[in-house]
Participant: 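Quick one: this structure, given as structure tokens, is what I'll be asking you about.
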Amino acid sequence: MIWVAPQKEIAEREHALAEARAKLQEVQQTITVYIPISYGKAKDIADLLTSSKSQQGGGTSGGVGGSTNLGTGFLSPRGRVTSDDRTNTLLVVDTPDRIEQIRTLVAKLDRPVQQVLIESRVVVATDNFSRELGAKFGISGGYQTNNTVVSTAGTLNGTDQMTNAALFNRFNGTGSGLPNTAPSTQLGPGVLVPSLGNRLNVNLPASSPAGSFGLAILGADYLLDLELSAAQTEGRSELISSPRVITANQQEADIKQGQEIGYVTFTGGSSGGGAATATVQFKEAVLELKVTPTITADNRVFLNLDVKKDAINSLVPNPGGGFVPQLDKREINTSVLVDNGQTVVLGGVYEFDKSTDIKKVPFLGDVPGLGALFRNTKNNNQKAELLIFVTPRILNENLK
């Protein structure tokens with residue numbers, strides 16, 4: 001059926017129908033229903049149903065003993081709703097058509113909240129390398145005294161005893177490979193040899209040598225000592241911390257693990273007299289993950305993240321007594337949008353420390369080639385890298 005009429009008549013007819021529906025609501029019988037809430041809070045849904053009237057400055061809401069009258073919004077002018085916190089139930093009084101609308105709305109709202117598993121990894125990697133080269137070098141002379149007998153048995157080490165015997169053999173023509181000669185095993189009289197420490201003109205060895213190479217040349221009246229020492233140290237370490245937490249959509253979660261370090265501070269008791277007051281304070285050195293996830297309509301996750309990894313570096317002496325802890329702080333605070341199950345690198349810090357220390361004899365240490373005998377060189381390289389990874393996973397993807 002097509003109704004053809006002037007626009008004025010059509011408007012009057014629609015206005016008459018609206019007035020008829022309004023009068024019908026005023027005389028239509030109301031019913032009372034009880035709607036249990038499973039996943040949310042009945043009070044929150046009741047506030048949502050009465051929010052339109054509350055924004056206009058009218059109506060009251062409450063628990064079991066209170067009610068809210070609405071002229072606009074989800075309820076009719078004669079409708080009212082209350083909530084019971086103990087049973088988590090909505091009590092709705094309204095016309096049958098409005099009751100069906102409220103049931104449909106509550107079915108949409110009262111659904112399980114999706115949950116998110118957030119896995120984070122904090123990786124601290126360090127790489128240390130050091131190399132040290134050193135040398136001992138010395139030239140000394142040996143000589144023989146007349147009418148003097150020197151007895152040094154029991155006071156020389158093995159190297160000095162061998163050198164003393166070699167000089168005695170050379171001065172006396174024994175042990176030289178000539179016929180009817182034999183090497184002497186005694187220290188012998190009249191031979192003065194400085195100790196090894198006194199024979200070194202340059203003494204710049206490696207501090208903790210891993211290996212050394214020594215050479216000695218004995219002449220008719222001189223002794224040349226040379227020792228090269230070297231040490232190399234390599235170290236690599238990785239510290240991986242992996243906090244993880246499960247939380248509901250749009251709900252903040254916080255997980256931490258570590259320790260509180262107590263230290264004592266003193267106030268008062270200076271020149272003014274009186275005893276100082278001791279106070280115990282605490283510093284946290286913890287691994288902490290604080291996150292608030294928001295699941296988007298396309299099944300991605302928006303994360304507000306705060307990741308912290310603190311560690312004790314050292315204890316600084318307190319002038320009043322005791323120690324104050326000094327902490328190494330590693331923290332990132334950011335927001336990121338991540339696909340479900342995707343791992344993203346939130347950030348990182350790379351540190352590189354390179355140093356070269358040279359100890360040398362002035363002028364002689366700069367001579368090309370031979371200068372290595374007159375200097376000690378130490379190279380030290382340190383690398384440190386901090387990386388933070390995060391992976392969100394939606395646990396209840398099948399809920400529609």
Participant: Just by modelled atom types, is the Gly40 backbone N or O under 3.5 Å from a matching donor or acceptor in the Asn88 side chain?
Facilitator: yes
Participant: Test side chain to side chain contact (heavy atoms under 4.5 Å, CB included) on Glu238 and Ile240; report intermediate values, then the result.
Facilitator: CA-CA 6 Å; Glu238 285 188 359; Ile240 301 177; 4.1 Å; yes
Participant: Going from OG1 on Thr377 to CG on Leu133, what distance comes out if it is rounded to the nearest 0.5 angstrom?
Facilitator: 6.0 Å
Participant: Between Ser130 and Asn380, do the side chains contain an N or O donor and an N or O acceptor separated by less than 3.5 Å?
Facilitator: no
Participant: Tell me every residue that passes salt bridge (Lys or Arg N to Asp or Glu O under 4.0 Å) with Asp44, counting only those two or more places apart in sequence or in another chain.
Facilitator: none
Participant: Start with the C-alpha distance between Leu327 and Asn313, add both sets of side-chain angles, then the distance that settles side chain to side chain contact (heavy atoms under 4.5 Å, CB included), and finish with yes or no.
Facilitator: CA-CA 5 Å; Leu327 304 181; Asn313 180 284; over 6 Å; no
Participant: If you round to the nearest 0.5 Å, how far is CD of Glu234 from CG of Asp127?
Facilitator: 8.0 Å
Participant: Any chance you could lay out the side chain to side chain contact (heavy atoms under 4.5 Å, CB included) test for Glu288 and Ile255, step after step, and finish with the verdict?
Facilitator: CA-CA 6 Å; Glu288 182 177 10; Ile255 182 173; over 6 Å; no
Participant: Side chain of Asp94, backbone of Ile99: donor and acceptor closer than 3.5 Å?
Facilitator: no
Participant: Scan side-chain atoms only and decide if Thr391 and Thr343 contain a donor-acceptor pair under the 3.5 Å cut-off.
Facilitator: yes
Participant: Rounded to the nearest 0.5 Å, what separates atom CD1 in Ile332 from atom CD1 in Ile388?
Facilitator: 4.5 Å
Participant: Would you please say whether a donor-acceptor pair under 3.5 Å links the side chains of Glu9 and Gln7?
Facilitator: no
Participant: Would you kindly say whether Thr247 and Glu252 are connected by a side-chain donor-acceptor distance under 3.5 Å?
Facilitator: no
Participant: Using 0.5 Å steps for rounding, measure from the OG1 atom of Thr356 to the CG atom of Asn379.
Facilitator: 4.0 Å
Participant: About how many Å separate CD of Gln251 and OG1 of Thr294, when rounded to the nearest 0.5 Å?
Facilitator: 10.0 Å
Participant: Spell out, as yes or no, whether a donor-acceptor pair under 3.5 Å connects the side chain of Glu132 to the backbone of Ser207.
Facilitator: yes
Participant: May I ask you to decide if Ile102's main-chain N or O and Thr104's side chain share a donor-acceptor pair within less than 3.5 Å?
Facilitator: no
Participant: Does the pair Lys256/Glu284 count as a salt bridge with the N-to-O cut at 4.0 Å?
Facilitator: yes
Participant: Verify side chain to side chain contact (heavy atoms under 4.5 Å, CB included) between Asn381 and Asn128, making sure each step is shown before the conclusion.
Facilitator: CA-CA 6 Å; Asn381 297 334; Asn128 300 323; over 6 Å; no
Participant: Hey, is Glu119 close enough to Arg393 for a salt bridge, meaning N to O under 4.0 Å?
Facilitator: yes
Participant: Would you find a donor on one side and an acceptor on the other, under 3.5 Å apart, between the side chain of Asp328 and the backbone of Ala311?
Facilitator: no
Participant: Is it the case that the side chain of Thr292 and the backbone of Gln250 share a donor-acceptor pair, with hydrogens and angles ignored and the cut-off at 3.5 Å?
Facilitator: no
Participant: Measure the CD1-CG distance between Ile295 and Asn249 for me, rounded to the nearest 0.5 Å.
Facilitator: 4.0 Å
Participant: Between Arg98 and Leu75, is there a donor-acceptor pair closer than 3.5 Å when you use the side chain of the first and the backbone of the second?
Facilitator: yes
Participant: Does the pair Asp366/Lys360 count as a salt bridge with the N-to-O cut at 4.0 Å?
Facilitator: yes
Participant: Ser237 and Thr126: side-chain donor and acceptor closer than 3.5 Å?
Facilitator: yes
